[in-house]
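Residue numbers start at 1 and run along the sequence shown.
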Amino acid sequence: MRKELVLLVFFILGLSLQAQTEEIVLNLDCSIFQVSASKDMSESNAPHNWKSVCGLNWQSTSVFAQSITEGNMNFLGKAVRFGSLKSGDGKATLASVDLSKTKNQKVVLRISVSSGADKSGKLDIRVDGKSIGTIAASDGNNGRSFGREYYPFEFEIKNGKNTSEITIEHSSTDNKGFIYMNQFAIVKINK
């Protein structure tokens with residue numbers, strides 16, 4: 001009886017381990033940034049461009065590779081910064097990414113963001129023109145403003161296609177309210 005119980009437990013554990021596996025579609029790696037770049041990521045050279053950080057070319061404006069390792073903002077570390085004092089709000093678009101799913105899958109976008117001292121910034125994340133979520137520095141920390149850390153968010157992409165378009169649009173007040181992103185991943189979870 002005990003042997004059968006042990007086998008049953010291993011069988012159930014095996015099913016639960018098989019039940020959910022993740023396939024990474026896209027993963028951002030900011031650790032390769034060496035300096036804070038002065039050119040938009042769609043115009044910068046390696047390693048401060050989109051191709052270097054995630055293997056795909058995005059089109060962006062006012063989006064920069066950021067590396068802050070000293071001073072009172074050192075918690076931001078290496079990240080993608082949305083916004084500019086000179087040219088305003090930031091926007092990044094990735095065309096033709098496979099966000100389709102099978103019957104036994106779900107597609108999830110995971111993002112981790114923070115802000116500087118000005119909390120007026122927010123990000124709107126859209127797939128094929130439809131918003132799947134908005135993150136605001138003023139209340140994105142469970143109803144409170146962001147502090148000196150990164151905050152993880154997860155959004156399910158329900159109607160993605162094999163040639164979907166993702167857009168991250170930053171908005172703020174008076175060209176302030178920068179948003180910093182140190183994680184952006186798309187995974188297909190097999191149930």
Side-chain angles (χ1 to χ4, degrees), residues 13-33 37 39-66 78-84 87-114 121-137 140 150-172 178-191:
L13 286 174
L15 284 179
S16 66
L17 290 175
Q18 289 178 353
Q20 276 203 333
T21 59
E22 293 185 357
E23 172 193 340
I24 298 171
V25 176
L26 179 110
N27 192 34
L28 189 75
D29 180 11
C30 298
S31 69
I32 64 171
F33 293 156
K39 282 187 179 179
D40 178 87
M41 286 183 64
S42 61
E43 299 171 356
S44 286
N45 296 325
H48 301 103
N49 59 20
W50 288 108
K51 183 79 171 173
S52 298
V53 81
C54 71
L56 299 170
N57 288 318
W58 294 59
Q59 290 301 312
S60 58
T61 53
S62 295
V63 180
F64 303 90
Q66 193 81 60
K78 297 182 179 197
V80 173
R81 185 189 86 213
F82 286 83
S84 167
S87 49
D89 298 334
K91 181 178 180 179
T93 301
L94 176 62
S96 196
V97 62
D98 183 3
L99 301 179
S100 63
K101 63 181 179 175
T102 64
K103 181 180 178 184
N104 296 323
Q105 280 184 327
K106 76 176 181 176
V107 181
V108 172
L109 183 148
R110 295 178 180 143
I111 184 170
S112 180
V113 296
S114 190
K122 66 180 177 178
L123 293 181
D124 182 31
I125 302 158
R126 294 192 306 271
V127 173
D128 299 325
K130 295 180 182 174
S131 180
I132 63 166
T134 301
I135 302 168
Y150 279 89
Y151 298 89
F153 296 87
E154 187 171 290
F155 303 99
E156 185 175 356
I157 300 169
K158 294 184 178 180
N159 299 310
K161 303 178 291 196
N162 61 353
T163 57
S164 282
E165 180 179 275
I166 299 172
T167 301
I168 306 171
E169 190 159 353
H170 165 259
S171 58
S172 64
F178 302 155
I179 298 287
Y180 300 83
M181 175 177 76
N182 72 353
Q183 180 194 25
F184 184 90
I186 297 170
V187 295
K188 292 185 178 183
I189 301 172
N190 298 307
K191 302 181 215 174

Trainee: How long is the gap from CD on Gln20 to NZ on Lys106, to the nearest 0.5 Å?
Mentor: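 If we round to the nearest 0.5 Å, Gln20:CD and Lys106:NZ are 6.5 Å apart.
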Trainee: Show the numbers, then the answer: is there a side-chain contact (heavy atoms from CB on, under 4.5 Å) between Ile186 and Ile166?
Mentor: CA-CA 11 Å; Ile186 297 170; Ile166 299 172; 3.1 Å; yes
Trainee: If every non-hydrogen atom of Gln183 is compared with every non-hydrogen atom of Leu28, which pair is closest and at what distance?
Mentor: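 Gln183 and Leu28 have their closest heavy atoms at C-CD2, 4.2 Å.
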Trainee: For Phe155, what residues pass the ring-ring contact (aromatic ring centres under 6.0 Å, His included) criterion, not counting sequence neighbours?
Mentor: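 Scan of Phe155 (ring-ring contact (aromatic ring centres under 6.0 Å, His included), adjacent residues dropped) gives none.
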Trainee: Answer yes or no: is there a side-chain heavy-atom contact under 4.5 Å between Leu26 and Leu94?
Mentor: yes
Trainee: Closest heavy-atom contact between Met41 and His48?
Mentor: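 Closest approach of Met41 to His48, heavy atoms only: CG-O, 3.6 Å.
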Trainee: At their closest point, which heavy atom of Phe64 faces which heavy atom of Ser84, and how far apart are they?
Mentor: CE1-CB, 3.8 Å
Trainee: Can you check whether Asp89 reaches Glu169 side chain to side chain, under 4.5 Å on heavy atoms?
Mentor: no
Trainee: If the condition is ring-ring contact (aromatic ring centres under 6.0 Å, His included), which residues does His170 pass it with, not counting sequence neighbours?
Mentor: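 Not a single residue meets the ring-ring contact (aromatic ring centres under 6.0 Å, His included) criterion with His170.
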Trainee: Write down the atom of Ser52, the atom of Ile32, and the distance for their closest heavy-atom approach.
Mentor: O-CD1, 3.3 Å
Trainee: Can you sort out the partners of Phe153 under ring-ring contact (aromatic ring centres under 6.0 Å, His included), two or more places apart, ordered by chain and number?
Mentor: none
Trainee: With rounding to the nearest 0.5 angstrom, report the CD1 to NZ distance, Ile189 to Lys101.
Mentor: 11.0 Å
Trainee: Partners of Ser31 by side-chain hydrogen bond (donor to acceptor under 3.5 Å, both in side chains), sequence neighbours excluded?
Mentor: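 Per chain and number, Ser31 pairs via side-chain hydrogen bond (donor to acceptor under 3.5 Å, both in side chains) with Asp29.
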Trainee: Using the test side-chain hydrogen bond (donor to acceptor under 3.5 Å, both in side chains), find all partners of Glu165 that sit at least two apart in sequence or belong to another chain.
Mentor: none
Trainee: Can you check whether Phe33's main-chain N or O pairs, donor with acceptor, with Lys78's side chain at less than 3.5 Å?
Mentor: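 Present.
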Trainee: Restricting to side-chain hydrogen bond (donor to acceptor under 3.5 Å, both in side chains), what partner residues turn up for Glu43, sequence neighbours left out?
Mentor: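 None.
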Trainee: Which heavy-atom pair separates Tyr150 from Ser112 by the least distance, and what is that distance?
Mentor: CB-OG, 3.4 Å
Trainee: Hey, does Ile125 have a side-chain heavy atom less than 4.5 Å from the side chain of Ile135?
Mentor: yes
Trainee: Less than 4.5 Å apart, any side-chain heavy atom of Val63 and any of Ile168?
Mentor: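 Val63 does not reach Ile168 side chain to side chain.
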Trainee: Who are the side-chain contact (heavy atoms from CB on, under 4.5 Å) partners of Lys122, not counting sequence neighbours?
Mentor: Thr134, Ala136, Ser171
Trainee: Rounded at 0.5 Å granularity, tell me how far CZ in Phe184 sits from SG in Cys30.
Mentor: 11.5 Å
Trainee: Strictly below 4.0 Å, N to O, side chains only: are Asp124 and Arg126 in salt-bridge contact?
Mentor: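 Salt bridge present between Asp124 and Arg126.
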Trainee: If you compare all heavy atoms of Ala79 against all heavy atoms of Tyr180, which two are closest, and at what distance to 0.1 Å?
Mentor: CB-CB, 4.2 Å
Trainee: Hey, could you give me the OH/CD1 distance between Tyr151 and Ile111, rounded to the nearest 0.5 Å?
Mentor: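 That separation rounds to 15.0 Å.
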Trainee: To the nearest 0.5 Å, how far apart are CG in Asp40 and CZ in Arg81?
Mentor: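 It comes to 10.0 Å.
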Trainee: Just to verify, what does Ala137 make a side-chain contact (heavy atoms from CB on, under 4.5 Å) with, not counting sequence neighbours?
Mentor: Ser115, Lys119, Phe146, Ile179
Trainee: Apply side-chain hydrogen bond (donor to acceptor under 3.5 Å, both in side chains) to Lys188 and list each qualifying residue two or more places apart in sequence or on a separate chain.
Mentor: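 Once residues adjacent in sequence are excluded, the partners of Lys188 under the side-chain hydrogen bond (donor to acceptor under 3.5 Å, both in side chains) criterion are Asp98.
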Trainee: Got a sec, which residues hit side-chain contact (heavy atoms from CB on, under 4.5 Å) with Lys158, two or more places apart in sequence or on another chain?
Mentor: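 For Lys158, the residues satisfying side-chain contact (heavy atoms from CB on, under 4.5 Å) (neighbours in sequence not counted) are Glu156.
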Trainee: Tell me every residue that passes ring-ring contact (aromatic ring centres under 6.0 Å, His included) with Trp50, counting only those two or more places apart in sequence or in another chain.
Mentor: Trp58
Trainee: Go through the steps to decide whether Val127 and Leu109 satisfy the test side-chain contact (heavy atoms from CB on, under 4.5 Å), and finish with yes or no.
Mentor: CA-CA 10 Å; Val127 173; Leu109 183 148; 5.7 Å; no
Trainee: Side-chain contact, heavy-atom cut-off 4.5 Å: Asn159 with Asp128?
Mentor: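 No, side chains not in contact.
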Trainee: Checking Lys39 now: which residues fulfil side-chain contact (heavy atoms from CB on, under 4.5 Å) with it, not counting sequence neighbours?
Mentor: Ser44
